[in-house]
A.B. asks: 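Structure in structure tokens, see below.
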Amino acid sequence: MTNKENNDLRIRSIDISEGENRSPNRAMLRAVGFTDDDFKKPMIGIASTWSEVTPCNIHIDQLARKAKDGATDGDGAPLIFNTITVSDGISMGHEGMRYSLPSREVIADSIETVVGAERLDGVVAIGGCDKNMPGCMIAIGRLNLPSVFVYGGTIAPGKSKGGKDIDIVSVFEAVGQYRAGTINQEDLKDIECHACPGAGSCGGMYTANTMASAIEAMGMSLPGSASNPAETSEKLTDCYDAGKAVVELLRKGIYPKDIMTKEAFENAITVVMALGGSTNAFLHLLAIAHSVDVDLSLDDFERIRKKVPHIADLKPSGRYVMHDLHSVGGVSAVMKLLLDAGLLHGDCLTVTGKTLAENLAKQDPLKEGQVIIRSLDNPIRESGPLFVLKGNLAPEGGIAKMSGLKIKKITGPAKVFDSEPEATKAVLEDEIKAGDIVVIRYAGPKGGPGMSEMLSITAIIVGKGLGEKVGLLTDGRFSGGTHGLVVGHVSPEAQVGGPIALIKTGDLITIDSETQELSVNVSEEEMQKRAVEWTEPPLRYSRGVLNKYARLVSSAAKGAVTD
């Protein structure tokens with residue numbers, strides 16, 4: 001690893017910064033402020049996900065400018081460009097949610113496209129809402145240019161009129177409470193108006209905070225990035241430092257594939273299990289691994305789960321949010337605890353140019369007396385809470401999150417629905433009773449398309465007091481805010497004739513986290529008979545982005561990738 005002169009750092013931009021033939025190319029950049037000196041420097045892309053459509057991203061324009069300042073001071077020539085975002089919270093529970101997971105691919109494709117077309121030498125990517133982070137990381141992996149990811153940061157907790165901490169999941173669950181008659185319309189409106197007090201991603205250990213933690217553990221963010229809150233000076237400093245760091249990575253010749261090794265992904269999975277993160281981590285880490293040609297499978301998640309205790313008392317199953325964790329040391333302090341216990345690979349390289357162990361040597365431990373993170377010898381559970389379940393209903397696997405549940409298994413009659421709205425209507429009209437297992441199918445990557453999250457229906461079930469009395473399984477997926485007896489990512493999905501397509505109302509289904517079984521009590525002969533009778537339905541969309549996505553996307557068990 002040798003330091004290079006600035007001319008040597010123009011690993012791609014030299015295509016346009018040298019020679020008379022490139023005068024027209026340079027003329028375009030002079031119009032946006034480039035000078036002769038800038039053409040001697042590496043060109044750094046600042047990929048911003050700024051948007052007014054969600055609080056997760058409303059502040060990222062400011063963060064992008066800070067990253068640009070850092071890259072400039074690091075002797076780079078930075079350019080900010082934007083990509084899209086969609087809000088999972090706003091698109092939840094209706095047709096708009098079909099676009100959520102596909103947006104991950106659009107984000108990845110758009111960053112890859114801009115960086116490739118403009119011949120940029122390095123990338124700082126800043127993401128807020130759930131699909132921003134994996135979208136940015138998939139692009140970084142495909143490009144394999146020196147890069148740093150920065151998390152836009154978590155939102156502060158809201159406060160109800162009674163002084164209780166609340167967040168977006170509180171609102172979804174309040175809908176169920178209102179329907180059940182345990183709160184009135186005034187209470188519901190109060191929670192709605194105070195749950196989201198400003199900028200930043202949803203506060204619990206939901207998908208955004210899960211993926212931010214995983215990316216820091218993987219070594220692709222600077223220490224502290226995962227837990228520095230959105231509206232703080234620490235987050236601004238984080239972005240400035242990332243801008244400087246990416247130029248330094250160019251000097252040292254450190255590329256994403258040097259950092260994102262199999263061991264780095266194992267570190268990410270370890271942190272996700274310890275924190276009790278979102279089931280979406282399976283989809284996204286598999287997809288990111290695919291982008292850098294790392295062989296990662298559901299078996300790796302299960303292998304690591306068995307040896308990593310769940311130690312974080314964080315929402316949705318616990319009491320606290322990321323803002324609280326930040327106040328006692330943050331994700332970096334949790335990683336220090338795990339490293340000292342021999343649960344992380346300390347020799348993995350990171351975007352600081354140092355190893356994970358070297359970074360954490362300077363990290364203070366968790367604050368004495370804090371109650372958010374348990375000790376390793378007194379965990380919430382002795383192994384991770386994110387399970388891979390298999391059986392005749394899910395030969396490729398299904399994913400369940402069992403944190404905070406007293407009930408570990410359920411067997412009951414299936415209530416089968418071919419869409420989430422149909423199932424939600426049944427729940428609201430009290431057609432679902434304790435002991436039932438709700439099946440929502442044709443919601444997978446192809447069948448949805450887009451593998452809709454189902455926070456709305458699961459929150460209503462919890463709000464109606466059925467969270468540990470009703471099972472739910474789907475070839476769709478769940479928000480990081482979901483909790484209850486739920487199994488998602490059931491693969492193969494219904495659209496391709498997976499066993500979930502063959503279930504009938506009344507069939508007895510077993511969900512068992514102890515034996516990791518997901519099965520239906522129907523004979524193999526009967527299932528084969530039903531398979532012969534089954535007809536593949538047409539794709540829901542005949543054109544546009546959702547048609548393209550449905551035609552290209554792989555199984556959820558492979559990360560739902562499109563390339």
A.B. asks: Before you tell me yes or no, could you show the steps for Y151 and I215 under side-chain contact (heavy atoms from CB on, under 4.5 Å), namely the whole-Å CA-CA distance, both residues' side-chain angles and the distance that decides it to 0.1 Å?
C.D. replies: CA-CA 9 Å; Y151 177 38; I215 293 166; over 6 Å; no

A.B. asks: Is it the case that the side chains of N267 and T270 hold a donor-acceptor pair, with the cut-off being a distance below 3.5 Å and no angle test?
C.D. replies: no

A.B. asks: With a 6.0 Å cut-off (strictly less than), is the heavy-atom count around CD of E524, excluding the residue itself, greater than 12?
C.D. replies: no

A.B. asks: Check whether the side chains of Y178 and D187 place a donor and an acceptor atom closer than 3.5 Å, and report yes or no.
C.D. replies: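 There is no such pair (donor and acceptor under 3.5 Å, judged by atom type) between the side chains of Y178 and D187.
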
A.B. asks: Could you check whether atom CD of E382 has more than 12 heavy atoms from other residues, nucleotides or ligands sitting under 6.0 Å from it?
C.D. replies: no

A.B. asks: Should we count CD of E533 as having more than 12 external heavy atoms under 6.0 Å?
C.D. replies: yes

A.B. asks: When you look at CZ of R540, are more than 12 heavy atoms from neighbouring residues, nucleotides or ligands closer to it than 6.0 Å?
C.D. replies: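 Yes, enclosed.
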
A.B. asks: Between E525 and K529, does any NZ, NE, NH1 or NH2 come within less than 4.0 Å of an OD or OE carboxylate oxygen?
C.D. replies: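 Result for this pair is no, no salt bridge flagged.
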
A.B. asks: Is E266 salt-bridged to K307, cutoff N-O under 4.0 Å?
C.D. replies: no

A.B. asks: Report the C-alpha distance between L546 and Y99 in whole Å, list the side-chain angles of each, state the deciding distance to 0.1 Å, and finish with yes or no for side-chain contact (heavy atoms from CB on, under 4.5 Å).
C.D. replies: CA-CA 7 Å; L546 293 181; Y99 291 87; 3.5 Å; yes

A.B. asks: Check D293 with K257, please: is the shortest side-chain N to carboxylate O separation under 4.0 Å?
C.D. replies: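 Between D293 and K257 there is a salt bridge, with a charged N closer than 4.0 Å to a carboxylate O.
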
A.B. asks: Salt bridge or not for R305 and E302, using N-O below 4.0 Å?
C.D. replies: yes

A.B. asks: For a quick test of reading the model, state the closest non-hydrogen atom pair linking S213 to V331 and the distance between them.
C.D. replies: OG-CG2, 3.4 Å

A.B. asks: With rounding to the nearest 0.5 angstrom, report the CD1 to CG distance, I509 to L518.
C.D. replies: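 Those atoms lie 7.5 Å apart.
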
A.B. asks: If I take atom CG from residue L296 and atom NZ from residue K558, how far apart are they, to the nearest 0.5 angstrom?
C.D. replies: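 Between L296 CG and K558 NZ, I get 13.5 Å after rounding to 0.5 Å.
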
A.B. asks: Among R98, R104, K131, which residue satisfies the salt bridge (Lys or Arg N to Asp or Glu O under 4.0 Å) criterion with D88?
C.D. replies: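 When R98, R104, K131 are each tested with D88, the salt bridge (Lys or Arg N to Asp or Glu O under 4.0 Å) holds only for K131.
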
A.B. asks: Within the side chain of H310, is there an N or O that forms a donor-acceptor pair under 3.5 Å with the backbone of A312?
C.D. replies: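 Yes: the side chain of H310 pairs with the backbone of A312.
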
A.B. asks: Is any side-chain N of the basic residue among K315 and D165 closer than 4.0 Å to the acidic one's carboxylate O?
C.D. replies: no

A.B. asks: Taking all non-hydrogen atoms of both residues into account, name the closest pair between E216 and S332 and its distance.
C.D. replies: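 Taking E216 first and S332 second, the nearest heavy atoms are OE2-OG, 2.5 Å.
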
A.B. asks: Do I311 and I380 pass the side-chain contact (heavy atoms from CB on, under 4.5 Å) test, and can you show the C-alpha distance, the side-chain angles, and the key distance before you say yes or no?
C.D. replies: CA-CA 5 Å; I311 55 176; I380 293 168; over 6 Å; no

A.B. asks: For K425, enumerate each residue passing the side-chain hydrogen bond (donor to acceptor under 3.5 Å, both in side chains) test, keeping only those at least two apart in sequence or located in another chain.
C.D. replies: E429

A.B. asks: Restricting to non-hydrogen atoms, name the atom on A226 and the atom on A212 that form the minimum distance, rounded to 0.1 Å.
C.D. replies: CB-O, 3.5 Å

A.B. asks: Can you tell me how far CG of L188 sits from CD1 of I183, rounded to the nearest 0.5 angstrom?
C.D. replies: 5.0 Å

A.B. asks: Please find the pair of heavy atoms, one from P449 and one from Y549, that lie closest to each other, and give the distance.
C.D. replies: CB-CD2, 4.4 Å

A.B. asks: Under 4.5 Å between any side-chain heavy atoms of V321 and I155, yes or no?
C.D. replies: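 No - every pair of side-chain heavy atoms lies 4.5 Å or more apart.
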
A.B. asks: Does a donor on one side chain and an acceptor on the other come within less than 3.5 Å for S452 and E420?
C.D. replies: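 Looking only at side-chain atoms, E420 and S452 do not form any donor-acceptor pair under 3.5 Å.
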
A.B. asks: Checking side-chain contact (heavy atoms from CB on, under 4.5 Å) for the pair V532/Q528: CA distance, chi angles, key distance, verdict?
C.D. replies: CA-CA 6 Å; V532 170; Q528 288 175 349; 5.8 Å; no

A.B. asks: Quick one: CE on M92 to OG on S100, what's the gap to the nearest 0.5 Å?
C.D. replies: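 Output value for this atom pair is 7.0 Å.
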
A.B. asks: Which of these, L283, T207, T279, sits in a side chain to side chain contact (heavy atoms under 4.5 Å, CB included) with R477?
C.D. replies: L283

A.B. asks: Which of these, V520, N521, V522, sits in a side chain to side chain contact (heavy atoms under 4.5 Å, CB included) with L508?
C.D. replies: N521

A.B. asks: To the closest 0.5 Å, what do you measure between CG (D300) and CG (D295)?
C.D. replies: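 Here the interatomic distance stands at 7.0 Å.
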
A.B. asks: Do the rings of H489 and F282 sit parallel, tilted or perpendicular, given the 30° and 60° boundaries?
C.D. replies: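 Perpendicular: the ring planes of H489 and F282 meet at over 60°.
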
A.B. asks: With no hydrogens and no angle check, do the side chains of N280 and D130 hold a donor and an acceptor under 3.5 Å apart?
C.D. replies: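 No donor-acceptor contact under 3.5 Å links the two side chains.
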
A.B. asks: If you round to the nearest 0.5 Å, how far is CG of L286 from OG of S297?
C.D. replies: 7.5 Å

A.B. asks: Mind checking whether N392 and P499 have side chains closer than 4.5 Å, heavy atoms only?
C.D. replies: no

A.B. asks: Applying side-chain contact (heavy atoms from CB on, under 4.5 Å), can you list everything that pairs with A268, at least two apart in sequence or on another chain?
C.D. replies: A214, M218, L285

A.B. asks: So, S51 and N57: side-chain donor and acceptor under 3.5 Å apart, yes or no?
C.D. replies: no

A.B. asks: Would you kindly say whether S291 and R142 are connected by a side-chain donor-acceptor distance under 3.5 Å?
C.D. replies: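 Side-chain D/A pair, S291 to R142: absent.
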
A.B. asks: Compare all side-chain heavy atoms of I107 with those of I84 and state whether any distance is below 4.5 angstrom.
C.D. replies: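 Side chain of I107 against side chain of I84, heavy atoms only: contact under 4.5 Å found.
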
A.B. asks: Write down the atom of S147, the atom of I140, and the distance for their closest heavy-atom approach.
C.D. replies: CB-CG2, 3.7 Å

A.B. asks: Does some side-chain heavy atom of I503 sit less than 4.5 Å from a side-chain heavy atom of R441?
C.D. replies: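 Result yes, sub-4.5 Å side-chain heavy-atom pair found.
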
A.B. asks: Before giving the answer on side chain to side chain donor-acceptor pair (under 3.5 Å), spell out for S278 and T210 the whole-Å C-alpha distance, their side-chain angles and the decisive distance to 0.1 Å.
C.D. replies: CA-CA 6 Å; S278 165; T210 295; 5.0 Å; no

A.B. asks: Which atoms form the tightest heavy-atom contact between L393 and V490, and what is the distance?
C.D. replies: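 In this case the closest contact between L393 and V490 is O-CG1, 3.5 Å.
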
